[in-house]
Asker: 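A single structure is presented below for examination.
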Amino acid sequence: MSVAVDRAVPLPASRRGARRRVDGAPLLRGAVGAWLSLIVVLPLIAVAVRSLDNGLAGFWKAVTAPQAVAALQLSLVASVGVVAVNAVLGTLIAWVLIRDRFPGKAIVDALIDLPFALPTIVAGLTLIALYGPKSPLGVSVAYTRAGIVLALLFVTLPFVVRAVQPVLAELDAEVEEAAHALGASGWTTFRLVILPALLPAILSGAGLAFARAVGEFGSVVLISGNIPFRTEVAAVNIFTQVENNNPAAAAAISVVLLALAMAVLAAIALLERRSTRHERVD
Amino acid sequence: MGIVVRNVGKRFGAYTALEDVSIEVPDGSLTALLGPSGSGKSTLLRIVAGLETPDRGSVLIEGRDATNLPPQERGVGFVFQHYAAFKHMTVRDNVGFGLRIRKAPKAQVRTRVDELLGLVQLDGLAERYPSQLSGGQRQRMALARALAVEPRVLLLDEPFGALDARVREELRDWLRRLHEQVHVTTVLVTHDQEEAMEVSSRIVVMNHARVEQVGAPADLYERPASDFVMGFVGKVNRLPGAYIRPHEVRICDPREPGCEAAEVERLLALGFETRVELRRRRDGQRLWAQLAPDELARLGLEPGQEVGIDLARARRIGDEALLAGTAA
């Protein structure tokens, strides 16, 4: 009876939509939850459990080993530096690609994605061919920290550029004109009006670049030479532990690397939140 | 003279936006640039502001040649249709922007911003973000921001175009009163003839990249210089070779001399006025008369009724005697 009445009076489209969504949601939510558990949560738990194979003392010993500390430190510092460079240069590249007109712009734009498309080990090979001991340019950064930074810069190039480009393209030209009419020079307008609008995109690009850089292996392993205490990054150090048949230590160092990465990402997310607070107030 | 534009031309590729346009805007006046979209009115305003460069001609602001000055040095306040708010800044920071970049002392900026927020009736909203304001409030904020730097001229580009009818109505009224207080030379671009007539003391009518006519609102209505102005400013009945305003059509007795027989086709009550749609017996010509409700009640018209119409006040298009004194 009540069903018949329901049918007779059609619901507004929005309410009908809401009803249908409620029906589908629990199943979908379950599937997403299961998938994320399988792909993300379970492996993380497995690593955490494995890291305690030799007990808390074993964990502590592994992560405070001078070589592990040096590797973690190197990865963290190099990544932060690389992200800072990326934030500036990535914004600059995005600016040129959006605001400038020059022949071959489409090709340059396509080039930005190349570091993404290239398998990282190929990127490593390319870099060592160009900047290695047999450099045709006479510039060798092989087996140095500069080489690591170079490799990380290469693989993280697209993140900030691709995050900033669409936002910059969508910026309202009238807002800049308003600033000009109020007396603001080009630079003042950039600093006070454009940059704050780009900041959330820059930060989110920077976050992705950091996540990529801090755990980078393939592009770094060849050019760095993996000299302990000097050019061995965290990911390589973890690999070395595995090779030396010490999976518990590898897992322990992984956990610390993960924690450090998450801390930095959380800090970036916090900055991003602050830079967009004007959008959330109600 | 507040603003003088001399022989300005502007093309965008093959499209001519302005063709040899000259206008003068008196000091302290509120002048409207009125025209349909694509008539060049916004381009003209942007050229005055320095946001667009003319291909030829010159722009003088308060007697100073501004043709080659960047917008930063022209001393203009510009208000955009879509507010152009600085979204990441509070209302206070938006309004104080021009003063802050001029390195005005903080206390002075604060006082001036508070003063302006009072003027545009946004007191108490200083710490909000633009996203928390209504469209009308955002536009008032944009106006306060433009006025903060004490511009020589205030340029408004369809400032109420994005607002709903009721808010438009309110803001027009408010703008007129504001102009009486502030008295800055103001140019308002609009495509809405009612808005132009209600707010401004002078109207520049533009069409097809040219100025059609300049005059007071009543001038344009009573003595349009061209067919275009006649049709664009105010309602009009077009008759073969002549025109008549709907309020000039007199309903009379068909036997009266000078009256022609017509049939009432339809009555449309619009509240403050009634539209009487008529059809002339002689040639089937359709036209309409505008009557006040009490006049309608007095005449007691019904659809289908036979009446007389007196078109004595009809004017011939291009008749020099009737369209005198309106050369732009």
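Residue numbers start from 1 in every chain, and the chains themselves are labelled A, B, ... in the order their sequence lines are given, proteins ahead of strands. Everything numeric in this text was worked out from a predicted model, so none of it was measured.
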Asker: Looking at side-chain heavy atoms only, is the closest gap between B:Phe78 and A:His180 below 4.5 Å?
Answerer: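 Side-chain contact under 4.5 Å: no.
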Asker: Within this structure, what is the CD-OH distance for the pair A:Glu174 and B:Tyr83, rounded to the nearest 0.5 Å?
Answerer: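 It comes to 11.5 Å.
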Asker: Nearest 0.5 Å, what's the CZ-OG1 distance between B:Phe97 and A:Thr188?
Answerer: 7.0 Å
Asker: Under a 4.5 Å heavy-atom cut-off, does chain A meet the side chain of B:Arg46, its backbone, both or neither?
Answerer: side chain
Asker: In terms of heavy-atom contacts, does CD1 of A:Ile39 have more than 12 from other residues, nucleotides or ligands at under 6.0 Å?
Answerer: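 Correct, the count exceeds 12.
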Asker: Answer yes or no: does atom CZ of A:Arg162 have more than 12 heavy-atom neighbours from other residues, nucleotides or ligands under 6.0 Å?
Answerer: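 Yes - once you tally the heavy atoms of other residues, nucleotides and ligands closer than 6.0 Å, there are more than 12.
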Asker: Where on B:Ala148 is there a heavy atom nearer than 4.5 Å to chain A: the side chain, the backbone, both, or neither?
Answerer: neither
Asker: Can a donor-acceptor pair be found, under 3.5 Å and without considering hydrogens, that links the side chain of B:His88 to the backbone of A:Leu192?
Answerer: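 Here the side-chain-to-backbone pair exists.
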Asker: Does atom CZ of B:Arg56 have more than 12 heavy-atom neighbours from other groups under 6.0 Å away?
Answerer: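 Yes, enclosed.
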Asker: So what's closer than 4.5 Å to chain B heavy atoms on A:Ala173: side chain, backbone, both or neither?
Answerer: neither
Asker: Among B:Leu51, B:Asp157, B:Val79, which has the most heavy-atom pairs under 4.5 Å with chain A?
Answerer: B:Leu51
Asker: B:Arg128 versus chain A, heavy atoms under 4.5 Å apart: side chain, backbone, both or neither?
Answerer: neither
Asker: Tell me if the CZ atom of A:Arg99 is crowded by more than 12 foreign heavy atoms within 6.0 Å.
Answerer: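 Result for CZ/A:Arg99: enclosed.
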Asker: Closest heavy-atom contact between B:Ser131 and A:His278?
Answerer: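 Shortest heavy-atom contact: OG-O, 2.9 Å.
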Asker: Please check if the number of heavy atoms outside A:Arg191 that lie under 6.0 Å from its CZ is greater than 12.
Answerer: yes
Asker: For the CE atom on A:Met262, are there more than 12 heavy atoms of other groups (residues, nucleotides or ligands in this structure) within a distance under 6.0 Å?
Answerer: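 Check fails, neighbour count at 12 or below.
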Asker: So which part of B:Ala85 gets closer than 4.5 Å to some heavy atom of chain A, the side chain, the backbone, both or neither?
Answerer: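 Backbone of B:Ala85 only, per the 4.5 Å heavy-atom cut-off to chain A.
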Asker: Shorter than 4.5 Å, heavy atoms on both sides: which option in A:Ser185, A:Ala179, A:Ala197 has the most such pairs with chain B?
Answerer: A:Ala179
